[in-house]
Colleague: 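This structure is in structure tokens; I'll ask about it shortly.
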Amino acid sequence: MRCSTFCSHHLNLSAMIMKRFSAPISSHVSPRAQAITEPPARVGFLGIGIMGSPMAHNLLKAGVDLTVWNRTKTKCDPLISLGAKYKPSPEEVAASCDVTFAMLADPQSAVDVACGKHGAANGIGPGKGYVDVSTVDGDTSKLISAQINSTGALFLEAPVSGSKKPAEDGQLIFLTAGDKALYETVGSLLDIMGKSKFYLGDVGNGAAMKLVVNMIMGSMMASFSEGLLLCEKVGLDPDVLVKVVSQGAINAPMYSTKGPSMIQSLYPTAFPLKHQQKDLRLALGLAESVSQSTPIAAAANELYKVAKSHGLSDQDFSAVIEALKSKIQHSENQ
């Protein structure tokens with residue numbers, strides 16, 4: 001089945017997942033799938049955004065033969081000027097490369113780029129690999145895996161833990177699952193872009209681990225925001241709070257990195273708030289699927305939704321503190 005035909009009959013992502021995945025899908029390679037040459041000589045990268053751009057840049061700096069694509073071509077121009085090739089569709093990138101990476105914003109975008117008209121699955125085939133480093137839910141990852149594997153190609157999900165600065169510094173953490181042969185083949189490329197990698201087994205496990213990590217992170221940022229505002233409300237210096245937290249058992253780099261700018265009401269985007277809310281929503285769905293109670297994450301999700309309603313979607317996720325400020329002001333004005 002051609003990928004474009006597949007997607008044209010399944011316009012709704014939820015219906016597409018329900019129909020195709022009423023039974024669990026294994027990450028085992030289909031009989032037609034073939035191992036790819038190691039190391040891959042030609043590498044593709046789809047999605048040149050906040051994360052994809054520095055990741056692709058690091059590959060280029062390491063001397064990788066790189067071909068790139070993005071819906072907005074101008075975002076590829078800096079990479080092209082450094083020696084990257086460009087193709088006008090994911091299909092053409094996948095056809096011209098041994099391994100293709102994809103870093104997309106959300107599940108629907110990930111499916112469209114992999115399985116839509118002129119999607120990567122139309123150009124990929126035996127002897128090639130597809131590595132999706134987007135943050136999506138497990139069902140979406142399985143959907144893409146099934147379509148890629150049906151062409152005889154290999155699939156690996158590899159969502160990353162880390163935001164813009166770790167991406168720039170090649171310090172990402174890859175949470176991988178899927179075809180073990182592809183994991184081993186692209187290991188050297190993951191090492192260029194990251195500081196560590198974990199292989200977690202069947203497709204869906206990488207997505208689940210990333211959602212759990214981001215669920216924790218989103219909840220931590222919401223709680224940290226409450227602490228900063230409470231500190232200020234009772235007459236304490238929030239700058240001192242950041243220093244105290246940074247020297248104690250609850251220290252996390254996020255607090256010392258984000259805290260000073262949050263105090264100044266500045267939110268330079270490293271991880272967009274809309275993506276954090278999306279990940280919380282997906283994590284809550286994951287928890288619901290196994291009847292796991294997640295009241296803290298659910299409350300945090302509501303706070304991020306308020307922040308989105310205030311036009312903060314494209315700000316850094318630390319801008320969630322503004323939602324708390326608005327709640328405080330509303331309470332004081334009553």
Colleague: Salt-bridge test for D202 and K142: reply yes if a basic N is under 4.0 Å from a carboxylate O, no otherwise.
Modeller: no
Colleague: Compute whether any side-chain donor of one residue and acceptor of the other, for K210 and T135, lie under 3.5 angstrom apart.
Modeller: yes
Colleague: Distance from I321 atom CD1 to L229 atom CG, nearest 0.5 Å?
Modeller: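 Answer for the CD1-CG pair, I321 versus L229, is 4.0 Å.
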Colleague: Exactly one of D132, V136, V111 should register a side chain to side chain contact (heavy atoms under 4.5 Å, CB included) with S141. Which one does?
Modeller: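 So the option named by the test is V136.
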Colleague: Just by modelled atom types, is the A95 backbone N or O under 3.5 Å from a matching donor or acceptor in the K128 side chain?
Modeller: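 It does hold such a pair.
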Colleague: Ignoring hydrogens and geometry beyond distance, is a side-chain donor-acceptor pair present between Q108 and D112 at under 3.5 Å?
Modeller: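 Q108 vs D112: donor-acceptor pair found between side chains.
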Colleague: Could K258 and F224 be counted as a cation-pi pair, given that NZ or CZ must be under 6.0 Å from the ring centre and within 45° of the axis?
Modeller: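 Judged by the rule, K258 and F224 form no cation-pi pair.
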Colleague: Can you tell me how far apart CD1 (I144) and CG (N149) are? Round to the nearest 0.5 Å.
Modeller: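 I144 atom CD1 to N149 atom CG measures 12.0 Å (nearest 0.5 Å).
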Colleague: Rounded to the nearest 0.5 Å, what's the gap from CG on D137 to CG on L282? Could you check?
Modeller: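 Going from CG on D137 over to CG on L282, the span is 5.5 Å.
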Colleague: May I ask you to decide if P253's main-chain N or O and S256's side chain share a donor-acceptor pair within less than 3.5 Å?
Modeller: yes
Colleague: To the nearest 0.5 angstrom, please state how far the CE atom of M103 sits from the CG atom of N70.
Modeller: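 These two atoms lie 12.5 Å from each other.
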Colleague: Please report the C-alpha distance between D77 and K73 in whole Å, then the side-chain angles of each, then the deciding distance to 0.1 Å, and finally whether the salt bridge (charged side-chain N to carboxylate O under 4.0 Å, His left out) criterion is met.
Modeller: CA-CA 7 Å; D77 289 343; K73 180 182 179 293; 3.4 Å; yes
Colleague: Could you state whether Y199 and L189 fall into the same hydrophobic cluster, counting links through intermediate Ile, Leu, Val, Met, Phe, Trp or Tyr residues with side-chain heavy atoms under 4.5 angstrom apart?
Modeller: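 Linked, Y199 and L189 end up in one cluster.
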Colleague: Which pair of non-hydrogen atoms, one from D314 and one from T269, has the smallest distance, and what is that distance?
Modeller: O-OG1, 2.8 Å
Colleague: Once you measure the plane-to-plane angle for Y304 and F317, does it fall in the parallel (<30°), tilted (30-60°) or perpendicular (>60°) bin?
Modeller: parallel
Colleague: Considering only heavy atoms from C-beta outward, does the side chain of D98 approach that of T185 to under 4.5 Å?
Modeller: no
Colleague: For the side chain of D179 and the backbone of L156, is there at least one donor-acceptor N/O pair under 3.5 Å apart?
Modeller: no
Colleague: Looking at E288, I want to see if its CD is surrounded by more than 12 non-hydrogen atoms of other residues, nucleotides or ligands under 6.0 Å.
Modeller: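 Open: at most 12 neighbouring heavy atoms sit under 6.0 Å from CD of E288.
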Colleague: Given the rule that I, L, V, M, F, W and Y join up when any side-chain heavy atoms are under 4.5 Å apart, are Y255 and V244 in one cluster?
Modeller: no
Colleague: Are side-chain heavy atoms of F271 and N214 found at a separation under 4.5 Å?
Modeller: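 SC-SC contact between F271 and N214 confirmed.
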Colleague: Using 0.5 Å steps for rounding, measure from the CG atom of L286 to the CE atom of M209.
Modeller: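 If I round to the nearest 0.5 Å, the distance is 11.0 Å.
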Colleague: For the CD1 atom of I148 and the OG atom of S150, what is their distance to the nearest 0.5 Å?
Modeller: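 Here the rounded value is 7.5 Å.
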Colleague: Looking at L211 and A283, what are the two nearest heavy atoms and their distance?
Modeller: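 Heavy atoms of L211 and A283 come nearest at O-CB, 3.7 Å.
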